[in-house]
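Residue indices begin at 1 and follow the sequence shown. What you are looking at is a predicted structure, and each value in this text was computed from that prediction instead of being measured.
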Amino acid sequence: MATAERAPEQLAPPPPPPERAMGFAERAVAAAGAAVVSAVLVNPLDVAKTRLQAQAAGVVYNPIWSDFRCYPWCNPGGLKLSGLGPSCSPECFQYRGTMDVFSKISRQEGFFRLWRGTGASLALAVPTVGIYLPSYDLLRNWIEEYSDRSYPKLRPYAPLIAGSIARSLACITCSPIELARTRMQAFKQSSGGAKPPGMWKTMLGVLSSRQSISHPENSRGYHLLWTGMGAQLARDVPFSAICWMVLEPTRRHFWGLLIGEESNAAVILGANFSAGFIAGVISSGATCPLDVAKTRRQIEKDPARVLNMNTRRILLEVWRNEGINGLFRGAGPRMARAGPSVGIVVSSYEVVKHIMHRKHAEL
């Protein structure tokens, strides 16, 4: 009797997803649509995070054309340029935080520069999420089914294992696009009025850098497009493992709170967005030092130095020179980006799956 009375108080697991019958292609379409929405909305935060990390790595943000005059709103350094007015203080080009990045990019380069790299972000997000979420779904379902049949102790670790494998597949496939996006966001355009290089020109620039190495055979040819992939895997695999280990139980908790509600699109959206937001903030904060290492690896322009860099060396160098603040440089915009990004992607993905399943059921 006591057991019967306690049963309603226990958190019920989420209802078995009817979408398990969906194929990989259908899941990929659902994930790609969610990725487009997220990539456009949160790109300014990604730019701010990259600029702060690049500045700490030594990238200098100076005037970007030769006849530059100091901005009226900036305190001039007091030096006079012949016929051009006062020169700017170096502080005019130093970013002091996320909002300062937004302000200075908008004033110095134009408001829409905050969406610099959005094309690369979309080119990255669509295939990455299109591979990542369907792979995670299918792997998690398979691991859970296997554990139920043969090894029950494995079931709690299904999100960790599936998330790590799925993210590895997505990172390896899309690493060249991630490299191009990071470089596009980190650097200003080089001359006044000139259109900055796009994604393809940025990747070609990476390949052309091998010409400056004394021994071209050491450049590994097209492998340069995968520069920083080790640092990216070192960042994204732990991020994914932590994210799904937090998201799944949090999602189950919200399902428990909504157990009396009808399973409609609004309920699915709310539960998944809330769980995704919490998981994104926690996992992005925990892996910020690895993101710093990845950014420094990918913005390095000296090909000889690139070949000798690795995540461990970069982290030790940052720790020695900048301490704990250096390791968590850009943590604010990274967490502010990851929370809504994960929430939007996961909730949109689950809602689209729900709608597609309903459509199939009606046929």
- line: Taken in chain and number order and not counting sequence neighbours, the residues that satisfy salt bridge (Lys or Arg N to Asp or Glu O under 4.0 Å) with Arg96 are Glu91
query: Quick one: are Gln55 and Gln94 in side-chain contact, heavy atoms under 4.5 Å?
result: yes
query: Closest approach of Ser274 and Phe254, non-hydrogen atoms and distance?
result: CB-CE1, 3.6 Å
message: Quick one: does any side-chain atom of Ser103 pair with a main-chain N or O of Met99 as donor and acceptor, under 3.5 Å?
response: no
query: Does a side-chain heavy-atom distance below 4.5 Å link Phe328 with Val292?
result: no
- prompt: Do Tyr136 and Ser240 have a side chain donor and acceptor closer than 3.5 Å?
  reply: no
- request: Please examine the side chains of Tyr132 and Asp236, heavy atoms only from C-beta on, and report whether any two atoms are closer than 4.5 Å.
  value: no
query: Under a 4.5 Å cut-off applied to non-hydrogen side-chain atoms, are Tyr157 and Ile143 in contact?
result: no
statement: Of all heavy-atom pairs linking Leu52 and Gly330, the shortest is CD1-CA, 4.4 Å
query: If you round to the nearest 0.5 Å, how far is OG1 of Thr50 from CZ of Arg337?
result: 8.5 Å
- prompt: From Ile268 CD1 over to Trp255 CH2, what is the distance, rounded to the nearest 0.5 angstrom?
  reply: 5.0 Å
field: For the student: nearest non-hydrogen atoms of Ile242 and Ala286, plus distance
entry: CD1-CB, 4.1 Å
task: Measure the acute angle between the ring planes of Phe112 and Trp115, then classify it against the limits of 30° and 60° as parallel, tilted or perpendicular.
output: tilted
- prompt: Roughly how far, to the nearest 0.5 Å, is CG of Leu290 from CZ of Phe239?
  reply: 12.0 Å
message: Rounded at 0.5 Å granularity, tell me how far OG in Ser283 sits from CD1 in Ile278.
response: 11.5 Å
query: Going from CZ on Arg334 to CG on Leu45, what distance comes out if it is rounded to the nearest 0.5 angstrom?
result: 12.5 Å
query: Residues in salt bridge (Lys or Arg N to Asp or Glu O under 4.0 Å) with Glu317, at least two apart?
result: Arg305
field: Side-chain heavy atoms of Arg329 within contact of Glu322, under 4.5 Å
entry: yes
Whether Ser284 side chain and Val281 backbone form a donor-acceptor pair below 3.5 Å: yes
- prompt: Are Leu316 and Val318 connected, step by step, through hydrophobic side chains (Ile, Leu, Val, Met, Phe, Trp, Tyr) whose heavy atoms are closer than 4.5 Å?
  reply: no
- request: Scan side-chain atoms only and decide if Thr311 and Arg235 contain a donor-acceptor pair under the 3.5 Å cut-off.
  value: no
field: Residues in salt bridge (Lys or Arg N to Asp or Glu O under 4.0 Å) contact with Asp137, at least two apart in sequence or another chain
entry: Arg27, Arg140, Lys353
- request: Might you point out which heavy atoms bring Ala293 and Leu315 nearest each other, and give the distance in Å?
  value: CB-CD2, 4.0 Å
field: Polar side-chain atom of Asn43 near backbone of Leu114 as donor-acceptor pair, under 3.5 Å
entry: yes
- request: Return yes if some donor-acceptor pair links the side-chain N/O of Ser347 with the main-chain N/O of Ile344 below 3.5 Å, else return no.
  value: yes
- prompt: Is the closest side-chain heavy-atom distance between Arg251 and Trp244 below 4.5 Å?
  reply: yes
task: Report yes or no: does Arg296 contribute a side-chain atom to a donor-acceptor pair with the main-chain N or O of Ala56 at less than 3.5 Å?
output: yes
query: Is there side-chain contact between Leu139 and Ile161, with heavy atoms separated by less than 4.5 Å?
result: no
message: I need the Leu138 CG to Leu133 CG distance, nearest 0.5 Å.
response: 11.0 Å
task: Over all heavy atoms of both residues, which pair between Gly280 and Ala338 is shortest? Give the atoms and the distance, please.
output: O-CB, 3.5 Å
- request: Might you point out which heavy atoms bring Val237 and Ser168 nearest each other, and give the distance in Å?
  value: CG2-OG, 3.3 Å
message: Could you tell me if the side chain of Pro340 sits less than 4.5 Å from the side chain of Leu41, heavy atoms only?
response: no
